[in-house]
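Accompanying notes for the structure given below.
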Amino acid sequence: MSLSDHPRAYGTAAVAAAFGAGVLLTLGFKDFYPDLQTRFRQTRRRRTGSKQHERKGSFFWSAPIQLQDHEDHPTAAHDGVAGDGIAGCIGNTPLINIQSLSEATGRTILAKAEFLNGAGNSPKDRVALNIIREAEKEGLLTPNQGDTIYEGTVGSTGISLATLARSMGYRAHICMPDDQSLEKSDLLLHLGATVERVTVAPITSPDHFVNLARRRAEEHAAKHNDGSKGFFADQFESPANWHAHFQTTGPEIWKQTDGKLDAFVAGAGTGGTISGVARYIKLEMKADLTQIVLADPQGSGLYNKVKHGVMYSSTEKEGTRRRQQVDSIVEGVGVNRVTENFEAGRDLVHDAVKVTDEQACRMARWLVEKDGIFVGSSSAVNCTAAVATAMTLPPGSVVVTMLCDSGTRHVSKFWKIIKEMTEQDGEAVDLFAELGIPKPV
């Protein structure tokens, strides 16, 4: 008998045939539209910077498909998903190509846009958050009982601490030298912090801003007599500083470059950034060929410590030594002692580049004129050193540096000098002439 004589059997066979066709169509869909699979995979890689969680597909197509992990870091902001309060806006900053520098050098110069961190808008957000969390684990801080975080800082760490203190149930007391820009201390006051601007003094003085913050923390219990605690953040020596960059900044850079990184260039104030990233890249990822380069402003002794093994600044030369060694308009990087954080990665630093105030000013002006990037002095130092480092590497090399904070915090000091320079010289034309660096041939 034919199937036409039995409608029920005919219908069953038709349904089975349609189901089979549907399966084949679904499984083979990407064979008909292979570019969709490719675009999907490329988009996910750009967003995650990783090739993890890939597996081979079925025999119907050979391209791997991407599996998504929705349980990774549930409190952090990933792929547009809201994080846990302001702390969820810290980290996962973009790595941008500074086009004018890449085009001029013939090398790819990338910069981590740390000014996009959501609390204090600098890499110090990572540090401040980790310091507070570690202190909570050790019972040194308890939220919502009047505990106060004390810190000696030139500004950025204080701003990060003050912001996070507000959101995490603490008070902040910041001691800072009086030669720092007024924008920073004004912002700290608006964030509710107590601010002490103190006369610049050497680290050996009990009135140095860091030593004063430590003393204020020690005096807290007796002064307040309410059961609250005073906690000295100690950003220069606390290992929670470099750990923050080892745990977050380093892995992010490695993932965003897919491990194709010829040099990492950064300045050192506390030394946490360069040490943490260096330890991740060199020790965790075993990237033996990646160079770690210090960007050091004038007046700092770290350049000579890296190059010659001796902490020395030209301001200490016989006949020129001054009681106060500060001779740079650059804020946030450069120091005349080896901190515990810098020591943690010092042996991994291959080279150092000395950057003058004039070079920093000219680089900042170049970035805003050519790329629309408006940054502060430490970022300008980093970018200058990145260009100098790039020119020691083969064409096509990849150099990564840090954009630390916005120029809005440096208007009254650093950018005032740049404005005067621009009025005198006009717009910059040649990068290498501006920086006094030999032009590539």
Side-chain angles (χ1 to χ4, degrees), residues 93 96 98 100-101 111-125 128 151-163 172 174-193 195-200 209 267 269 295 297-300 326-334 355-386 401-428 434-435:
T93 56
I96 63 174
I98 305 184
S100 69
L101 302 186
K112 197 90 163 89
E114 288 292 279
F115 59 86
L116 295 179
N117 280 303
N121 311 125
S122 81
K124 297 301 184 181
D125 281 2
E151 183 59 302
T153 169
V154 296
S156 292
T157 305
I159 293 167
S160 297
L161 284 170
T163 305
I174 306 300
C175 300
M176 64 188 304
D178 60 6
D179 64 343
Q180 301 302 294
S181 63
L182 291 173
E183 289 92 345
K184 293 181 180 180
S185 57
D186 287 347
L187 179 55
L188 284 166
L189 290 170
H190 288 304
L191 289 170
V195 180
E196 284 189 76
R197 289 179 68 97
V198 300
T199 303
V200 177
F209 64 98
Q298 66 182 55
S300 173
V326 178
D327 70 339
S328 173
I329 63 171
V330 174
E331 300 177 3
V333 291
V355 179
T356 66
D357 281 355
E358 182 177 2
Q359 286 177 314
C361 288
R362 291 185 180 279
M363 173 56 77
R365 182 179 68 166
W366 177 275
L367 291 174
V368 78
E369 289 180 353
K370 309 303 179 184
D371 301 276
I373 299 175
F374 185 53
V375 294
S377 54
S378 58
S379 300
V381 168
N382 286 344
C383 289
T384 302
T401 191
M402 306 285 281
L403 296 179
C404 302
D405 62 1
S406 167
T408 55
R409 293 181 185 169
H410 303 265
V411 172
S412 65
K413 184 180 176 183
F414 182 62
W415 276 95
K416 180 180 179 181
I417 296 173
I418 296 173
K419 179 182 178 182
E420 295 170 353
M421 176 186 294
T422 303
E423 290 174 349
Q424 179 178 343
D425 298 345
E427 185 173 338
E434 286 288 309
L435 301 180

### Message
The criterion is side-chain contact (heavy atoms from CB on, under 4.5 Å); which residues satisfy it with Ser100, sequence neighbours excluded?
### Response
Ile98, Trp366, Lys370, Asp371

### Query
Which one of Cys404, Ser406, Ser122 satisfies the side-chain contact (heavy atoms from CB on, under 4.5 Å) criterion with Ser379?
Cys404

### Task
List for me each residue that meets side chain to side chain donor-acceptor pair (under 3.5 Å) alongside Asn382, sequence neighbours excluded, and say none if there are none.
none

### Message
Determine whether a donor-acceptor pair (N or O, by modelled atom type, separation under 3.5 Å) exists between the side chain of Ser300 and the backbone of Pro297.
### Response
no

### Query
With Glu420, which residues qualify under side-chain contact (heavy atoms from CB on, under 4.5 Å), at least two apart?
Lys416

### Task
List for me each residue that meets side-chain contact (heavy atoms from CB on, under 4.5 Å) alongside Ile96, sequence neighbours excluded, and say none if there are none.
Pro94, Ala111, Ile373, Leu403

#### Entry: Glu114 versus Thr93, side-chain donor and acceptor atoms under 3.5 Å
yes

### Query
Can you name the salt bridge (charged side-chain N to carboxylate O under 4.0 Å, His left out) partners of Glu183, sequence neighbours left out?
none

### Message
How long is the straight-line distance from CG of Leu367 back to SG of Cys383, given to the nearest 0.5 Å?
### Response
5.0 Å

### Message
Contact between Met176 and Ser185 at the side-chain level, heavy atoms closer than 4.5 Å - yes or no?
### Response
yes

### Message
Does Arg365 form a salt bridge (Lys or Arg N to Asp or Glu O under 4.0 Å) with Glu434? I'd like the steps, not just the answer.
### Response
CA-CA 10 Å; Arg365 182 179 68 166; Glu434 286 288 309; 2.8 Å; yes

### Query
Are more than 12 heavy atoms from other residues, nucleotides or ligands located less than 6.0 Å from atom CD of Glu423?
yes

### Task
Compare all side-chain heavy atoms of Ile174 with those of Lys184 and state whether any distance is below 4.5 angstrom.
no

#### Entry: Residue pair Met363, Leu435: steps toward the side-chain contact (heavy atoms from CB on, under 4.5 Å) verdict
CA-CA 7 Å; Met363 173 56 77; Leu435 301 180; 3.7 Å; yes

### Task
May I ask you to decide if Arg409's main-chain N or O and Ser181's side chain share a donor-acceptor pair within less than 3.5 Å?
yes

### Query
Nearest heavy-atom pair of Gly118 and Asp125: which atoms, and what distance?
N-OD2, 3.7 Å

### Gln359 vs Val381, side-chain contact (heavy atoms from CB on, under 4.5 Å): CA-CA, chis, key distance, verdict
CA-CA 8 Å; Gln359 286 177 314; Val381 168; over 6 Å; no

### Task
With the side chain counted from C-beta on, respond yes when Lys124 and Leu161 share a heavy-atom pair under 4.5 Å apart, and no when they do not.
no

### Task
Not counting sequence neighbours, which residues clear side-chain contact (heavy atoms from CB on, under 4.5 Å) with Phe209? List them please.
Val154, Cys175, Pro177, Val198

### Message
Would the distance check show the side chain of Asp357 and the main-chain N or O of Ile329 forming a donor-acceptor pair, the cut-off being under 3.5 Å?
### Response
yes

### Query
Do the side chain of Asp178 and the main chain of Arg197 share a donor and acceptor less than 3.5 angstrom apart?
no

### Message
Any side-chain to backbone donor/acceptor pair from Thr157 onto Thr153? Under 3.5 Å, distance only.
### Response
no

### Ion pair check, Asp425 and Arg362, cut-off under 4.0 Å
yes

